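Below you'll find the structure, written out as structure tokens, and then a few comments.
All of these numbers come straight from a predicted model, not from anything done at the bench. Sequence lines set the chain letters: A, B, ... in the order given, protein chains first and strands last, and positions in each chain run from 1.
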Number of protein chains: 2
Amino acid sequence: MSMQQTAEGMTRPAGRPRSEKAEKAIIDATLDLLGEGIGVSELSIEAIAARAGVGKTTIYRRWSNKEDLVVDAMATLKPPIPLPQGASVRESLVTYLKVIAEESRHQRTRCIMNIALSDPDRHPRLAERFREVALEPRREIVRAILAKGIETGELRGDLDVDIAMAIISGAMMWQTKWVWPGEATEARLPERIVEEALKGFRQRAAEN
Amino acid sequence: MSMQQTAEGMTRPAGRPRSEKAEKAIIDATLDLLGEGIGVSELSIEAIAARAGVGKTTIYRRWSNKEDLVVDAMATLKPPIPLPQGASVRESLVTYLKVIAEESRHQRTRCIMNIALSDPDRHPRLAERFREVALEPRREIVRAILAKGIETGELRGDLDVDIAMAIISGAMMWQTKWVWPGEATEARLPERIVEEALKGFRQRAAEN
DNA sequence: TCGATACGCAACAGACTCGTTTCGCAATGC
DNA sequence: GCATTGCGAAACGAGTCTGTTGCGTATCGA
């Protein structure tokens, strides 16, 4: 973070302290603009300042470049996805995918996508941040669901977990992003994906 | 296309004809720049003209706006994917995914991705063109492979084909785009994906 | 040869963005 | 009170991009 911490015992620097309100307004404006489909490259400091009702000076005083600002803005986005506690792998995965589907309808998530889709070669730090903040936490959830399923014997022991994760998340993303881009996501999509996927993941002996 | 056709019997307009060489250079420059990670919004006529060794006038004379140019440029990209004629569904799908993996390492394919990833809301015509030129042809190949598999009894008759397509293509894209963004795509990824997917698609009675 | 059109090149005005600086005012500690 | 720092606003020079125009040259049909 670029904010200067006034930790315990630190001598507060003289003069007027920086406005936390301005800080928040700047970050909110940044996320808003990204959420509206503005790419990182087209995102202008001027536009952020105008949207935040803030002077450009106030932004440059805190962040030396645009990327730093966006990195800090992303860090404020918390992934509030709890580990689904479904009774079965099927139930947990469906719950998870439904949360993802719900999320993708909200602005703040779209803005993460816009960041992620920006050329990783040109914004390597943003791409890395995207992995930390958005991608890996969600991957870990799927991994945990699958691991538990293997433990309980519900899933094959020789399951290729990485590929299984890619199938679950990839199928969801493919369908929502490419095949039905505009339309409201079909409600039963999560069930359909998990259904077809599990018929392969599930141990033969168990049932079906 | 914006080129004026000199069809049979059409009176060729007087004066010097437009240079096909310039036309090609412009489109090539456009695709090159897009392939280098330049987004559609940041793509400038100036840069295209400079790269193509052409005056801006020559571009403006043919296309009235940037989107028209990009649409025409995309139309020149042929998807040279033949229908894999593998002996089995597994073999055909693996072949298909290997072609996709190979393609994704080339510039011209990356540029299509960059167009596709540009905000569809802000470039609806480009998004639609992307579907026509790149997405749907590839989807049809997978659909054909799966349909044949169902016909021959290799796949379940009640297979949810749309979801199966999403699983195959989505898993591939997810893994290459998000999980291993920079690294050279793992060679056996297609086999691994098809392996896990088919264990669900394949009819129980058949074998395994 | 002549008119018409296209070519590459250069220049233009207008708009936008950048990152910096200056201004007058506000808030804090000493 | 006074120094120090932050604030919003405005302006700056430099740069880029746009879409248009003028120039001299090249290439076509008549």
Could you check which of [options] has an atom nearest any side-chain atom of [X]?
X: A/A22; options: C/dG19, C/dA10, D/dG8; value: D/dG8
X: A/T58; options: D/dT20, C/dA26, D/dG8; value: D/dG8
X: B/T57; options: C/dC18, C/dT21, C/dC9; value: C/dC9
X: B/R16; options: D/dA26, D/dG6, D/dG8; value: D/dA26
X: A/P17; options: C/dT17, D/dG8, C/dA27; value: C/dA27

Tell me whether [X] is salt-bridged to [Y], with the criterion being a basic N under 4.0 Å from an acidic carboxylate O.
X: B/R125; Y: B/D68; answer: yes
X: A/R51; Y: A/E36; answer: yes
X: A/E46; Y: A/K56; answer: yes
X: A/R90; Y: A/E191; answer: no

Can you check the [X] [atom1] to [N] [atom2] distance for me, whole Å?
X: A/K24; N: D/dG6; atom1: NZ; atom2: C1'; value: 20 Å
X: A/L43; N: C/dC18; atom1: CG; atom2: P; value: 8 Å
X: A/E46; N: C/dA15; atom1: CD; atom2: C1'; value: 12 Å
X: A/E23; N: D/dG6; atom1: CD; atom2: C1'; value: 12 Å
X: A/I59; N: D/dG6; atom1: CD1; atom2: P; value: 15 Å
X: A/W63; N: C/dC18; atom1: CH2; atom2: P; value: 15 Å
X: B/K66; N: D/dC17; atom1: NZ; atom2: C1'; value: 9 Å
X: A/Y60; N: D/dC7; atom1: OH; atom2: P; value: 16 Å

Return the 5'-most residue of the pair B/G53, A/A47 with respect to DNA chain C, ranking by each residue's nearest nucleotide. B/G53
Taking only N and O in the side chain of A/R61, is any of them less than 4.0 Å away from OP1 or OP2 of D/dC7? yes
Is A/S19 touching bases, backbone alone, or none of the nucleic acid, heavy atoms closer than 4.0 Å? sugar-phosphate
Quick one: the side chain of A/K56 and the base of D/dG8, do they pair up donor-acceptor inside 3.5 Å? no
First encountered from the 5' end of DNA chain D, between B/S64 and A/A52: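 Here A/A52 is the residue nearer the 5' end.
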Straight-line distance of B/L77 CG to B/F130 CZ, nearest 0.5 Å: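 Going from the CG atom of B/L77 to the CZ atom of B/F130 covers 12.0 Å.
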